[in-house]
Amino acid sequence: MIKAKTAKESLSVMTNLVLPNETNNLGNMFGGELLASMDRISSISAKMHGGSYLVVTASVNHVAFNIPIPMGSTVKLESKVTRAFNSSMEVYVDVYVYDYDNSIYNKTNTGIYTFVAVDNDNKPVRVPELIPETELEIERYNAALRRKQLSLILAGRMDPADAHELKSLFITE
Ligand SMILES: CCCCCCCCCCCCCCCC(=O)SCCNC(=O)CCNC(=O)[C@H](O)C(C)(C)COP(=O)(O)OP(=O)(O)OC[C@H]1O[C@@H](n2cnc3c(N)ncnc32)[C@H](O)[C@@H]1OP(=O)(O)O
């Protein structure tokens with residue numbers, strides 16, 4: 001049996017400066033640059049949880065661009081696995097921009113990614129269970145199955161009729 005791991009064991013943090021070649025014509029960080037950084041850091045978290053296996057991005061489930069990030073900003077990305085299923089793992093990435101006037105980080109974006117651990121033949125392999133500890137980790141863990149079902153439906157991999165946990169949000173018997 002594979003030993004379970006806590007969510008915090010997969011924590012990965014990356015801080016960077018937004019340079020001019022990473023911005024759009026409004027002088028704000030280009031969305032694709034942010035997506036690439038989010039994919040990169042979340043793959044590190046998935047790999048930390050999955051162990052020696054390779055991990056591949058199976059889906060980008062959600063990315064909200066709530067606030068533009070201006071050129072010159074100090075951007076911090078934090079990612080953690082929120083739940084492990086059989087071979088797949090959900091990873092949350094929270095993005096913050098440093099406010100130098102008030103010496104605090106403000107959250108600007110959140111992204112939710114799914115990674116799958118695979119062997120050298122690209123066959124999915126089992127990953128350790130995840131143990132959530134903090135209130136936020138437990139909240140994200142509990143809702144992850146519904147997000148997985150939604151992601152599978154959108155990818156054409158699941159019949160909505162089989163998504164019982166997701167349906168229970170909308171339909172009460
Ligand atoms: C030489 C030097 C080397 C150095 C080395 C070090 C590297 C160290 C860092 C590594 C970091 C790399 C990070 C790269 C990250 C990319 O950039 S990877 C490139 C982009 N991604 C890809 O190319 C993946 C392409 N897709 C695939 O290969 C296959 O579809 C997959 C994802 C492996 C799934 O395979 P499958 O045969 O369809 O498997 P299936 O059994 O149906 O599903 C497996 C699991 O995935 C889940 N799943 C599948 N699709 C979805 C979906 N859309 N939504 C949610 N869940 C899904 C299933 O529900 C299932 O979950 P579990 O119940 O097992 O938990």
| field | Residue pairs involving residues 40-61 (criterion salt bridge (Lys or Arg N to Asp or Glu O under 4.0 Å); sequence neighbours excluded) | value | none

| query | Going from CD1 on Ile67 to OG on Ser73, what distance comes out if it is rounded to the nearest 0.5 angstrom? | reply | 11.0 Å

| field | Hydrophobic cluster identity match, Phe30 and Val97, side-chain contacts under 4.5 Å | value | no

| message | For Asn102, give me all partners under side chain to side chain donor-acceptor pair (under 3.5 Å), at least two apart in sequence or on another chain. | response | Asp99

| task | Please examine the side chains of Asn28 and Met71, heavy atoms only from C-beta on, and report whether any two atoms are closer than 4.5 Å. | result | no

| Considering residues, nucleotides and ligands other than Asp159, do more than 12 of their heavy atoms fall under 6.0 Å from its CG? | yes

| Same cluster or not: are Val91 and Val63 linked, directly or through other Ile, Leu, Val, Met, Phe, Trp or Tyr residues, by side-chain heavy atoms under 4.5 angstrom apart? | yes

| request: With rounding to the nearest 0.5 Å, note down the distance linking OH in Tyr92 to CZ in Arg83. | output: 13.0 Å

| said: Let me confirm one number: the OG-CD1 distance from Ser43 to Ile41, rounded to the nearest 0.5 Å. | reply: 9.0 Å

| request: Decide whether Ser151 and Asn61 meet the rule of one side-chain donor and one side-chain acceptor closer than 3.5 Å. | output: yes

| Does Lys167 use its side chain to pair, donor to acceptor, with the backbone of Ala161 at less than 3.5 Å? | yes

| query | Under a single-linkage definition using a 4.5 Å side-chain heavy-atom cutoff for Ile, Leu, Val, Met, Phe, Trp and Tyr, are Phe115 and Leu35 assigned to the same hydrophobic cluster? | reply | yes

| field | Heavy-atom pair with the smallest gap, counting every atom of Ala58 and Val116 | value | CB-CG2, 3.7 Å

| task | Scan for salt bridge (Lys or Arg N to Asp or Glu O under 4.0 Å) pairs involving residues 5-15, sequence neighbours excluded, and state none if there are none. | result | Lys8-Glu133

| task | Give a yes or no answer on whether the side chain of Ser45 reaches the backbone of Ser10 with a donor-acceptor pair at less than 3.5 Å. | result | yes

| query | Residues two or more places apart in sequence or in another chain: which of them pass side chain to side chain donor-acceptor pair (under 3.5 Å) with Asp119? | reply | none

| Are any non-hydrogen side-chain atoms of Asn16 and Thr74 less than 4.5 angstrom apart? | no

| message | Before you tell me yes or no, could you show the steps for Thr110 and Val95 under side-chain contact (heavy atoms from CB on, under 4.5 Å), namely the whole-Å CA-CA distance, both residues' side-chain angles and the distance that decides it to 0.1 Å? | response | CA-CA 6 Å; Thr110 300; Val95 181; over 6 Å; no

| message | Given 3.5 Å as the limit, does a donor-acceptor pair link the side chain of His49 with the main chain of Val127, or not? | response | no

| Does any non-hydrogen side-chain atom of Tyr113 lie less than 4.5 Å from one of Val81? | no

| How far apart are the closest heavy atoms of Ala84 and Leu130, and which atoms are they? | N-CB, 3.9 Å

| query | In chain order, what residues pass the side chain to side chain donor-acceptor pair (under 3.5 Å) check against Glu78, with sequence neighbours excluded? | reply | Lys76

| remark: With sequence neighbours left out, the residues meeting side-chain contact (heavy atoms from CB on, under 4.5 Å) with Ala4 are Glu129, Ile131

| remark: Of all heavy-atom pairs linking Leu17 and Gly72, the shortest is CD1-O, 3.4 Å

| query | Are any non-hydrogen side-chain atoms of Val118 and Val55 less than 4.5 angstrom apart? | reply | no

| Heavy-atom pair with the smallest gap, counting every atom of Ala64 and Asn109 | O-ND2, 3.1 Å

| said: Could you measure the distance from the CD1 atom of Ile69 to the OG1 atom of Thr108? Nearest 0.5 Å is fine. | reply: 3.5 Å

| For residues 17-38, which residue pairs qualify under salt bridge (Lys or Arg N to Asp or Glu O under 4.0 Å), counting only residues two or more places apart or in two chains? | none

| request: For Glu137, check salt bridge (charged side-chain N to carboxylate O under 4.0 Å, His left out) against everything at least two apart and list the hits. | output: Lys80

| request: Check the hydrophobic clustering (I, L, V, M, F, W, Y; side-chain heavy atoms under 4.5 Å; chains of links allowed) and say if Ile112 and Leu145 are grouped together. | output: no

| query | Got a sec, which pairs hit salt bridge (Lys or Arg N to Asp or Glu O under 4.0 Å) with one end in residues 141-156, sequence neighbours left out? | reply | Glu90-Arg147

| request: Apply salt bridge (charged side-chain N to carboxylate O under 4.0 Å, His left out) to Arg140 and list each qualifying residue two or more places apart in sequence or on a separate chain. | output: Asp94

| field | Minimum-distance pair of heavy atoms, taken over all atoms of Tyr53 and Ala117 | value | CB-CB, 4.2 Å

| task | Just jot down the side chain to side chain donor-acceptor pair (under 3.5 Å) partners of Asp39, sequence neighbours excluded, or say none. | result | Thr57

| Can you tell me if Ser79 and Ser42 form a side-chain donor-acceptor pair at under 3.5 Å? | no

| Chi angles and distances behind the side-chain contact (heavy atoms from CB on, under 4.5 Å) call for Asn142, Ile138 | CA-CA 6 Å; Asn142 286 338; Ile138 292 166; 3.6 Å; yes

| Qualifying residues under ring pair (Phe, Tyr, Trp, His ring centres under 6.0 Å), relative to Tyr96, sequence neighbours excluded | none

| field | Cluster overlap Met14 with Val18, hydrophobic side-chain contacts below 4.5 Å | value | yes

| task | Begin from the C-alpha positions of Tyr98 and Thr15 and carry the test side-chain contact (heavy atoms from CB on, under 4.5 Å) through to its verdict. | result | CA-CA 10 Å; Tyr98 195 69; Thr15 309; over 6 Å; no

| request: Given side-chain contact (heavy atoms from CB on, under 4.5 Å), test Leu77 with Met38 step by step and report yes or no. | output: CA-CA 7 Å; Leu77 287 86; Met38 291 166 98; 3.7 Å; yes

